[in-house]
Amino acid sequence: MHRANSALSMASPKKIASLLINGSNRGKILSALASRPYNSAASEPFLNGTTSNYVEEMYNNWLRDPSSVHTSWDAYFRSNTYSAPPNLAPAMRNMVPLSSVSGFSGVSTGAPDEKIIDDHLAVQAIIRSYQIRGHSIAHLDPLDINIPEVPENSTTKAIHASFNFGEHDMERQFKLPSTTFIGGNETHLSLREILNRLENVYCNKIGVEFMFINSLEQCNWIRKRFETPSVMNMTSEEKRLILARLTRATGFEAFLAKKFSSEKRFGLEGCEMMIPALKQLIDVSTELGVESVIMGMPHRGRLNTLANVCRKPLHHIFTQFAGLEAADDGSGDVKYHLGTYIERLNRVTNKNIRLAVVANPSHLEAVDPIVQGKTRAEQFYRGDNEGKKVMSILIHGDAAFCGQGVVYETMHLSDLPDYTTHGTIHVVANNQIGFTTDPRFSRSSPYCTDVARVVNAPIFHVNADDPEAVMHVCKVASEWRATFHKDVVIDLVGYRRNGHNEIDEPMFTQPLMYQKIKKLKTTLDLYADRLIAEGTVTVEEVKSVAEKYEKICEEAFELAKKETHIKYKDWLDSPWSGFFEGKDPCKVSPTGLKEETLVHIGNRFSSPPPNAAEFVIHKGLLRVLAARADMVEKRIADWAMAEAMAFGSLLKEGIHVRLSGQDVERGTFSHRHHVLHHQLVDKATYTSLCHLYPDQAPYSVSNSSLSEYAVLGFEHGYSMTNPNALVLWEAQFGDFANTAQCIIDQFISSGQAKWVRQSGLVMLLPHGMEGMGPEHSSCRFERFLQMSSDDPDYFPPESDEFAVRQLHDINWIVANCTTPANYFHILRRQIALPFRKPLIVATPKSLLRHPEARSSFDEMSENTEFQRIIPECGSASSNASNVKKLIFCSGRVYYDLTKARAENKLEADVAIARVEQVFISLKDYISY
């Protein structure tokens, strides 16, 4: 029996451990073993014949009657040799039958050769080692400066040696496991060929990081697209197309350098392959069904992208260098911050494509959530629930991608149901430097792309000096996004031929790097030489392509000289076709409603689900619903009811309403309760505002991740897409809005002035001006007032249109309402205005349930409107000559003042006026 047991334990734990390259793999292998698929047949002792109890039973039966056991057991027990008994169970996934192992017949007269088995397992471990860590020693850096610091035992030769393979083993044939595709149609390869193919796939100009992904299907998908032999082969026509695109990208930068040598343009020299890469991504995605691509990027390479990816007319770009005055209003922005929107024919796929590059400030990654929100909105309005027609591409710098927290915040929106864009392609233009800072001092992670690992996004590192490798990576990335609808990252490793800008001196801080860069040929020259050497093109053809593009640039340059003005609207990234046409720019549509509409919405908002008997509602919420029904009966509304009526009436009118932020479904102070939860069934919910009318617009209320920066940016991007939607972001507390200050400053307050881009986004700041400790007492109203206008002393001339013109001229509307009715009207006015302006509302806490903060339906019915200022309406108003003091206030303090006035019996002496819209002129209300 001892011999039988020792024969069955074919590999000891020590020998299994010897298969690990280093200790760090132990957890991975144990985890992989633990997660093997369960095979019920294989687990049956009778079928697999590999347990000690089964062997012992066979031995006892043999002792009683040798003919009662299988002949193989009879032979074993007679001769003390062992051959595996018949196995009726199907082979488990990723397990190789002994009979298929080269060198083992399965019917030998002795014990199986442990070395053969160990060697096959070692080959499998080597293959896995390349798949896991091959990228760490791939040739990714065109400068050969940032060579990975890997332990000596991680070099490929050391890896081979650690498994005790020598030169005499190189021609031995090994069966390939199911976790590799390097064999193509072959099932066995020599060790030398296995190693050569692995080296070529994982340690060449592409480094593939994917083995951290917890899906075998996705890992095998990636393996197949990189390991299959000849998968990167390209036709002559494909190579010529790469050359032509690279020529345009290089020629554009060279032309600008020649014509505008002293101008900042943040060129792409050293990473020109980004342009063919983006075009490849768009080509493949278009072929796979995408019709609209929304891009966000920093300033480096933006002009080249606008010219050669979007095909923005070149003379429009050259005009930006001329310093001409604008023909339209606004401050404008520097040329390398501008966006655009283009609809054109993709000549490669012969399909129409829409391309938008979103305008971005110098805050490098701030545009990321803006793009995602805009993409999500476009998918929503197209009914593209799977992201098959609309996609986003985000372009990053290496230092910003790992250094800016908004990247992490935006990444974590990628799989949230109400925020996902069904996969984003991230392209990192990796210059291996951030302004003047080396990667050694700008990040703690091995790669700048490691942030993407948290969302299981595969990362494809590629040497930008190998155009064909770049094209293959882009093709795989596009197919990944179309197949799995998940994020993917392309790390395009290049360099920066100039300084941070064209007039910067990089030798001050990176002398050795730039000495090397000066000696390097351009990517275009390297690739042209390669194609000439292999006979794909001739020297004359290369020269002809370059001269043709030079001529195009010269003609556009001459055309640009004839321009006398620039137009900011030519650079608009989110045009609203037809929105402004035929409208009186000073006419506001009515915001009051018929009482029957108010009652209908109020009743629905107060009602449980239709299947109330089955839907178990929290007892506390039953009291809330009853209180709402009582208010409808009494024709009054509190804050939550007035908000619901504003939302519901807009939904009735076909206006999509989206409310987003932390805990908005319930409301920070438990007042809203737009989503009712079944108390006994998980994920069973009911939202009454989604069931008001059979033909209403969609309503979305979405609890967000615990992020202000990314989520506010996302909602701002969402609001840019369609002016006929009410998009609201609510902070958990108004004080927390300053975490999103970059979005507030760079996009919301200044977006129209810089980029002629309007937005009707509403920012709700709960607890905005009410005290509860230093972190819960102020939404910093003064900051919003300070940013309302460039000139706080300027107001439009007094006229009947004064109130609307004032709104038109300021950056945003700032309000602190004291009544539910005024809150109702100001929300509806966002859609009633003939233009769009952001709205900042300091929403209350105490007024949510204050008995005096109630509004009659009469204040929301037809022929009522938002009141910029609510004058005194008590006894002081009927005898103005006796008034000794007039107090202006806003928000909750009004109720404190009225209480104090009553306690001191000053109702006839003190008048209190409420300023509801704070940044306004009161000239048309006040006379002295």
Practice task
Please name all residues satisfying side-chain contact (heavy atoms from CB on, under 4.5 Å) with S236, sequence neighbours left out, ordered by chain then number.
Solution key: T536

Handout entry: Student check: side-chain heavy atoms of R530 and D466 closer than 4.5 Å
Key = yes

Can you tell me how far apart [atom1] ([X]) and [atom2] ([Y]) are? Round to the nearest 0.5 Å.
X: L143; Y: M513; atom1: CG; atom2: CE; result: 6.0 Å
X: E468; Y: L531; atom1: CD; atom2: CG; result: 6.5 Å
X: N200; Y: M232; atom1: CG; atom2: CE; result: 8.0 Å
X: D487; Y: R481; atom1: CG; atom2: CZ; result: 9.5 Å

Practice task
Please state whether the rings of W221 and F484 are parallel, tilted or perpendicular, taking 30° and 60° as the class boundaries.
Solution key: perpendicular

Between [X] and [Y] (salt bridge meaning N to carboxylate O under 4.0 Å), is one present in this structure?
X: R245; Y: D283; result: yes
X: R248; Y: E272; result: no
X: R197; Y: E186; result: yes

Exercise for the section: With sequence neighbours excluded, give me every salt bridge (Lys or Arg N to Asp or Glu O under 4.0 Å) pair touching residues 506-527. Expected result: K521-D529

Without placing hydrogens or testing angles, list every side-chain donor-acceptor pair under 3.5 Å for residues 448-458, not counting sequence neighbours.
| residue | atom | partner | partner atom | Å |
| --- | --- | --- | --- | --- |
| D450 | OD2 | Y447 | N | 3.3 |
| R453 | NH1 | E209 | OE2 | 2.6 |
| N456 | ND2 | N214 | OD1 | 3.0 |

Handout entry: Donor + acceptor pair across side chains of Q372, T424 (<3.5 Å)
Key =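 Yes, side-chain donor-acceptor contact under 3.5 Å.
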
Handout entry: Distance-only donor-acceptor check, side chains D465 and T523, under 3.5 Å
Key =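 D465 vs T523: donor-acceptor pair found between side chains.
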
Handout entry: F226-F460 aromatic ring centre distance below 6.0 Å
Key =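 Yes.
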
Exercise for the section: Applying side chain to side chain contact (heavy atoms under 4.5 Å, CB included) between V545 and each of L246, L524, T247, V537, report the one that passes. Expected result: T247

Problem - Any donor-acceptor pair under 3.5 Å from D398 side chain to Q432 backbone - result: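 Yes, D398 side chain to Q432 backbone: donor-acceptor pair under 3.5 Å.
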
Problem - Under 3.5 Å: donor-acceptor pair, side chain of E541, backbone of R240 - result: no

